[in-house]
There are 2 protein chains.
Amino acid sequence: MPQEPEPLDADHLHFWSFIDHAVDRVSRELPGIDPLAMRLVLTFHRAANMLVYDLESAVHRPRGWSWPGFRVLFAIWLSGPVEAKKVAELSGMSRAAVSALVNTLERDGLVSKERASYDGRAVQLGLTEAGLHAITTAFQAHNAREQEWAGALSEDEQRTLIELLGKLTAHSAHFDVRHRT
Amino acid sequence: MPQEPEPLDADHLHFWSFIDHAVDRVSRELPGIDPLAMRLVLTFHRAANMLVYDLESAVHRPRGWSWPGFRVLFAIWLSGPVEAKKVAELSGMSRAAVSALVNTLERDGLVSKERASYDGRAVQLGLTEAGLHAITTAFQAHNAREQEWAGALSEDEQRTLIELLGKLTAHSAHFDVRHRT
DNA sequence: CCCAATTAATCAAAGCATTGATTACATGCG
DNA sequence: CGCATGTAATCAATGCTTTGATTAATTGGG
């Protein structure tokens, strides 16, 4: 049988102790596991999930938008008028995702879309008046929430964290990391 | 008009310089912005996106599964037989998400589901033989990829990063962070 | 004992994401 | 010039996730 029933044991587990339990047990049971790398990714992923959920539900959904939509507006704001392809590159999304998001943003009157004069395939994206107002207003609320999160760390710790995350992303170029096309 | 057209300017922007450009310009244009908090969240979110995309496309999709499915299997493996509610808590997902994922995992023969004898509402989840094999095999591939990522940092740096991320999530309890129910 | 309130799970509708195919346009070699 | 190749955007199918409503079972106060 695949498992011994031990429901009472599971009751002692909770959100905060799960990572400890997982690292202990897996590194005892499976060969070739690096417990530190395991703990790093579990901790990282959990923190990222919490941050994304919080910003999404505390800042963006109450305004009737989404963080992905905000990211597209943000990229256009800082680089527009701009081609959809570049928005995808800057925001780290796929072209199809940008295309879908721009449809809803255009429907809501925040983004203007027109074919490029110099290339019949390309689409030029820009903000409308409403879009400009939306992104500047939303950004300030977004950053206020970012400041709450950053308040967990001293300035030095924040710089250290940024530096370590930068090393992580820079290193990924060395082992043919998969990336969106 | 909302924007000055400056398409040539945008051409100089790319994935790696976008954060610098964004922080510079936004902190000059908007009042009350904390540039360090902004840079921290942008860097964090970008790194998390790259990690998630890479593990998903390099490890899980080639096996015909997803990282969310893997997370559910992982939680059941370490705590099962277990109620769906606890799986949601341990994996940081909503109950509805667990319910949907368990349906596909059960359809694929990896998870067994039965009503709890002691509570007619609850569902007990366990791994099948195939599920146990799937999670142990997939976990080793997953951890091998985690080791690639962690290889960007020394052991001390990895511990520092884990500690800083831990501070971030621990602090979030102090400002009524939104969390899944 | 009974009914109101709570709780576990699921369903329904909507949004965002993926990959792979398709359409339309641009480019350049022969 | 003309056609093969490449590129930008979109579409189609599928999957994960959310919120809010619904169903079913348990619990507890009067």
Side-chain angles (χ1 to χ4, degrees), chain A residues 7 45 48-50 52-58 60-73 82-89 91-108 111 113-125 178-181, chain B residues 45 48-50 52-73 82-89 91-108 111 113-125 178-181:
Chain A
H45 192 221
N49 264 349
M50 290 178 67
V52 167
Y53 185 84
D54 177 65
L55 278 161
E56 183 97 33
S57 61
H60 298 290
R61 272 204 295 269
R63 294 163 185 273
W65 303 313
S66 65
W67 191 353
F70 172 84
R71 286 165 65 198
V72 168
L73 285 182
V82 65
E83 292 181 16
K85 175 186 171 59
K86 179 137 288 247
V87 171
E89 182 195 341
S91 64
M93 308 168 94
S94 70
R95 280 187 233 170
V98 169
S99 179
L101 279 168
V102 163
N103 279 339
T104 72
L105 293 172
E106 189 188 25
R107 182 200 64 194
D108 296 346
V111 163
K113 183 163 76 169
E114 56 185 272
R115 292 225 97 79
S117 51
Y118 54 87
D119 187 333
R121 297 164 301 177
V123 164
Q124 287 277 334
L125 303 174
R178 309 303 177 93
H179 50 78
R180 295 174 179 81
T181 52
Chain B
H45 192 223
N49 265 348
M50 290 178 67
V52 167
Y53 185 85
D54 178 64
L55 277 160
E56 183 97 33
S57 62
V59 175
H60 298 290
R61 272 205 296 267
R63 293 161 186 272
W65 303 314
S66 65
W67 191 353
F70 172 84
R71 286 165 63 197
V72 168
L73 286 182
V82 65
E83 293 181 15
K85 174 186 171 58
K86 179 137 288 247
V87 171
E89 182 195 341
S91 64
M93 309 168 93
S94 71
R95 280 186 241 170
V98 169
S99 180
L101 279 168
V102 163
N103 279 338
T104 71
L105 292 172
E106 190 189 25
R107 183 200 63 196
D108 295 346
V111 163
K113 182 163 77 171
E114 57 184 271
R115 292 224 96 79
S117 50
Y118 54 87
D119 187 333
R121 297 165 301 179
V123 164
Q124 287 276 334
L125 303 174
R178 308 303 176 92
H179 50 78
R180 294 174 178 83
T181 51

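The figures here come from the full heavy-atom set of this structure, side chains too, leaving out hydrogens, waters and symmetry mates. Each chain gets a letter, A, B and so on, in the order the sequences are listed, and its residues count up from 1.
- In this structure, A/Trp65 places its CH2 atom 19 Å from P of D/dT19, rounding to the nearest Å.
- Side-chain contact between A/Ser99 and A/Met93 is absent, with no heavy-atom pair separated by less than 4.5 Å.
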For side-chain contact (heavy atoms from CB on, under 4.5 Å), just list the numbers for A/Val123 and A/Arg115, CA-CA rounded to whole Å, side-chain angles, deciding distance to a tenth of an Å, and then say yes or no. CA-CA 4 Å; A/Val123 164; A/Arg115 292 225 97 79; 4.1 Å; yes
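- In this structure, the side chains of B/Arg71 and B/Leu101 stay at 4.5 Å or more apart for every pair of heavy atoms.
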How far apart are the C-alpha atoms of A/Trp67 and B/His45, what are their side-chain angles, what is the distance that settles it, and do they pass the side-chain contact (heavy atoms from CB on, under 4.5 Å) test? CA-CA 11 Å; A/Trp67 191 353; B/His45 192 223; 3.8 Å; yes
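- Contact annotation: B/Ser66 does not reach the phosphate of D/dG15 (side-chain N/O to OP1 or OP2, under 4.0 Å).
- Across its full length, the helix from C/dC1-D/dG30 to C/dG30-D/dC1 shows an angle of 0° between the axes of its 5 terminal pairs at either end, rounded to 10 degrees.
- Here the side chain of B/Arg61 pairs no donor or acceptor atom with the backbone of B/Ser66 at under 3.5 angstrom.
- Residue A/Leu125 contributes atom CG, which lies 8 Å from atom P of D/dA9 at whole-angstrom precision.
- Mapping B/Gly120 and A/Asp119 onto DNA chain D via the closest heavy atom, the residue that lands nearer the 5' end is A/Asp119.
- A straight line from NZ of B/Lys85 to P of D/dT26 spans 16 Å, rounded to a whole angstrom.
- Side chain of B/Arg95 to main chain of B/Lys85: no donor-acceptor pair is present (N/O by atom type, distance under 3.5 Å, no hydrogens or angles).
- Nucleotide D/dA8 holds its C1' atom 14 Å from the CD atom of A/Glu89, rounded to whole Å.
- Of all nucleotides listed (D/dT17, D/dT26, D/dT18), D/dT18 comes nearest to the side chain of A/Arg61.
- Both B/Arg107 and B/Arg95 lie close to DNA chain D; mapped to their nearest nucleotides by heavy-atom distance, the more 5′-ward contact belongs to B/Arg107.
- Rounded to a whole Å, the CG atom of A/Asn49 is 9 Å from the P atom of D/dT17.
- Counting only heavy atoms from C-beta outward, the side chains of A/Glu83 and A/Gln124 approach each other to under 4.5 Å.
- Taking 4.5 Å as the limit, some side-chain heavy atom of A/Asn103 sits within range of a side-chain heavy atom of A/Lys113.
- Bracketed by its first and final contacts, the part of DNA chain C lying under 4.0 Å from non-hydrogen atoms of chain B reaches from C/dT7 to C/dT19 in 5' to 3' order.
- Atom P of nucleotide D/dA8 and atom OH of A/Tyr118 are separated by 11 Å, given to the nearest angstrom.
- Residues B/Ser91 and B/Val98 approach most closely at OG-CG2, 4.4 Å, considering heavy atoms.
- The side chain of A/Tyr53 places an N or O atom within less than 4.0 Å of a non-bridging phosphate oxygen (OP1 or OP2) of D/dT19.
- Here D/dT7 is the nucleotide among D/dA9, D/dT18, D/dT7 with the atom lying nearest to any side-chain atom of A/Arg121.
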